[in-house]
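Let me begin by presenting the structure, written as structure tokens, before commenting on it.
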Amino acid sequence: MTIQTLTFRNQLFINGTWRDASSGKTFITYNPATGMPLTEVAEAGVTDVDEAVQAAEAAFYGGWRDLAADERGEILYRIADALENYREELGLLDTLDAGRPIRDTLNKDVTRAIKTFRFFAGMTDKIRGAHIPVQPPLVNYTRKEPYGVVVAITPWNYPLNNAVTKIAPILACGNTMVLKPAEQTSLSALKLAEICKEAGLPDGVLNVITGGSEAGEALSIHPKIRKVAFTGSTSVGKKIVENSKYGLKSYTLELGGKSPNIVFADADLEQAAEASVFSICMNQGQTCTAGTRLLVEENIAETFVQLLIEKAKKLRIGDPLDPSTQIGSLISKEQYERVKSYIQLGVAEGAKLVYGGIKPPECTEGYFLLPSIFTGIKNDMRIAQEEIFGPVLSIITFRDEQEAISLANDTSFGLAAAVWTKDLQRAHRLSDKVEAGLIWVNTIHTLSPSSPYGGYKESGTGLEMGLEAADQYMKTKSVWINTGNWVSPFSI
Ligand code: NAD
């Protein structure tokens with residue numbers, strides 16, 4: 001597979017067939033590394049949304065709901081196997097559409113997508129209700145039941161994995177769905193739909209609608225949608241909840257972050273510095289869990305900042321299609337300008353830019369930005385509080401453990417936190433006291449389909465991944481049966 005032989009799916013996928021938007025409207029998706037158009041994609045409107053939801057509902061009651069759990073699992077295993085055959089194509093699509101380096105899309109992302117499908121394929125026949133010991137001869141048990149039609153709305157930062165993280169558990173739990181990927185990066189989700197069909201997923205079980213906020217909003221308020229699984233910004237997450245006034249749904253919201261990365265003087269500083277730079281540069285800093293607030297013990301701050309700068313200088317930034325590239329392009333001109341405006345704001349707020357903050361001179365096209373490191377940050381500055389979603393690091397010093405904990409928690413977000421220390425007792429104390437859904441000790445960005453993931457505070461509600469996903473995508477029904485002569489209190 002080469003760029004020359006690559007073709008783009010760019011229509012809507014509804015009930016197993018490909019079609020244009022009913023309005024005939026399209027929008028352009030760009031390659032952010034060149035700023036040039038890649039292709040035009042169908043722009044769904046309210047009519048298309050309705051058709052997709054109707055198709056998903058028909059597929060739910062028409063068979064998917066009642067398919068034996070292990071048979072559902074078999075289909076998901078076949079999807080996992082099929083993904084392997086499309087590794088190169090999927091890698092290329094996300095690199096071209098999102099500016100993410102090919103070595104990451106091709107290897108990390110496709111491998112993780114395969115593992116995610118395998119994990120949830122194996123979960124299908126292990127989901128159980130419970131028998132509850134109530135007064136005989138009454139029998140009480142719980143049933144785990146799918147919601148019905150679920151809508152998944154995803155952001156642009158890890159296009160393939162954001163889609164798979166939703167599709168695999170939603171389908172494993174017996175729901176059908178409509179997926180709406182972000183308008184900047186629709187291509188791998190459309191390819192995924194084709195792969196799922198080829199692997200034997202029945203028509204209507206997965207529908208993919210492309211478009212922007214209009215399609216997203218129409219989906220999230222559609223009366224036949226039972227559950228909204230949203231990943232994206234906190235502001236849009238709140239809009240979706242506000243829209244519950246049009247009809248209440250169940251919501252899983254995976255939102256923004258401003259995660260603390262806490263380095264104590266007793267840590268392995270080489271390792272902590274390597275990981276801190278990786279955290280802020282991976283995917284060009286467009287990672288919800290990025291350790292954007294580096295809290296460092298004041299007596300090692302100067303040495304540590306020098307280590308960070310040395311490591312940042314060595315990173316290879318440039319053409320995302322070059323297999324040696326470590327930092328690709330930001331997603332769009334709009335995002336590039338947004339990040340640049342935060343860098344200007346940081347300087348205006350009195351912080352000191354000690355590295356980066358500019359476009360690398362050798363990158364003449366596209367939206368590339370050197371990692372940007374700020375010192376002299378106060379935690380109440382806007383660049384320390386607001387999610388920038390670019391390679392911008394705010395360094396804040398602390399005197400002792402108590403201050404580190406207060407600074408870590410002094411944010412409206414609570415997605416992730418990392419702690420670097422050799423003191424085991426301190427590691428456990430911070431794991432207890434830091435308010436975030438994910439705590440990494442002497443590691444960072446380790447994730448697994450088998451481990452749950454979700455935010456505290458304004459970083460979201462609900463969990464993704466792990467066996468816990470079954471609680472997100474299934475309802476629990478309580479069933480009472482009189483197996484003998486129980487006399488109901490109402491008849492006395
Ligand atoms: P966004 O909120 O702008 O868009 C996300 C999705 O919502 C897109 O598909 C968009 O079309 C859709 N949308 C926009 N307006 C809508 C509306 N009114 N109703 C319904 N849908 C609507 O986010 P983004 O810019 O695509 O992604 C970046 C954000 O995603 C960051 O805040 C990042 O932290 C977050 N994110 C969170 C996680 C997590 O797991 N917590 C993972 C990845 C990204």
Side-chain angles (χ1 to χ4, degrees), residues 27 29 32 41 43-44 46 49 97-98 100 109 112 116 151-166 178-186 188-189 208-222 225 228-246 249 251-259 282-292 330-332 334-336 338-339 342 386-390 411-416 436-438 445 447 451-466 469 472:
F27 61 93
T29 190
V41 179
E43 184 173 346
V46 175
V49 162
D97 215 8
R100 177 160 160 75
D109 295 356
R112 183 168 152 202
T116 303
V151 57
I153 300 176
T154 54
W156 44 258
N157 60 340
Y158 292 88
L160 178 68
N161 278 308
N162 282 325
V164 170
T165 301
K166 303 266 187 260
V178 182
L179 167 71
K180 196 205 80 63
E183 54 274 39
Q184 296 85 347
T185 55
S186 311
S188 59
V208 181
I209 283 286
T210 46
S213 57
E214 187 194 334
E217 187 160 306
L219 274 168
S220 65
I221 62 174
H222 194 289
I225 294 290
V228 180
F230 173 79
T231 300
S233 60
T234 299
S235 59
V236 174
K238 286 180 179 174
K239 266 189 211 160
I240 287 176
V241 174
E242 272 169 35
N243 280 342
S244 64
K245 63 187 175 214
Y246 301 115
K249 328 262 180 219
Y251 301 95
T252 295
L253 305 171
E254 296 292 346
L255 308 176
K258 193 79 189 177
S259 299
M282 65 183 275
N283 207 28
Q284 300 70 251
Q286 303 165 132
T287 301
C288 51
T289 48
T292 46
L330 296 183
I331 187 69
S332 62
E334 185 193 12
Q335 186 66 10
Y336 175 83
R338 184 183 134 88
V339 177
Y342 268 107
E386 296 175 18
E387 187 182 46
I388 300 173
F389 226 52
T411 160
S412 59
F413 296 108
L415 194 53
L438 265 168
H445 297 298
L447 292 175
S451 179
Y453 171 104
Y456 280 28
K457 303 196 277 187
E458 297 225 329
S459 291
T461 60
L463 290 164
E464 289 202 308
M465 313 296 266
Q472 300 293 309

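Ligands are counted one by one from 1 in listed order, and the atoms in each one are counted from 1 as well.
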To which protein heavy atom is [atom] closest, and what is the distance rounded to 0.1 Å?
atom: atom 25 (O) of ligand 1; answer: W156 NE1, 3.0 Å
atom: atom 1 (P) of ligand 1; answer: S233 OG, 3.6 Å
atom: atom 18 (N) of ligand 1; answer: E217 OE1, 3.4 Å
atom: atom 11 (O) of ligand 1; answer: E183 OE1, 2.7 Å
atom: atom 37 (C) of ligand 1; answer: L255 O, 3.1 Å
atom: atom 35 (C) of ligand 1; answer: G232 O, 3.2 Å

Does Y453 reach ligand 1 with a nitrogen or oxygen that is under 3.5 Å from one of the ligand's nitrogen or oxygen atoms?
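So ligand 1 has an N or O lying under 3.5 Å from an N or O of Y453.
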
Part of E387 with heavy atoms under 4.0 Å of ligand 1, whether side chain, backbone, both or neither:
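Just the side chain.
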
Measuring from non-hydrogen atoms of G212 to any atom of ligand 1, is the shortest distance under 4.0 Å?
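Yes, G212 has heavy atoms under 4.0 Å from ligand 1.
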
Report yes or no: does a heavy atom of Y158 sit under 4.0 Å from some atom of ligand 1?
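Per 4.0 Å heavy-atom rule, Y158 does not contact ligand 1.
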
Going through the checks in order, is the side-chain contact (heavy atoms from CB on, under 4.5 Å) test met by T154 and T185?
CA-CA 10 Å; T154 54; T185 55; over 6 Å; no

Per-atom contacts, ligand 1 versus T154 - under 4.0 Å to a heavy atom
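The atoms of ligand 1 under 4.0 Å from a heavy atom of T154 are 6 (C), 8 (C), 9 (O).
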
Can you tell whether the side chains of E458 and K238 come within less than 4.0 Å, N to carboxylate O?
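A salt bridge links E458 with K238.
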
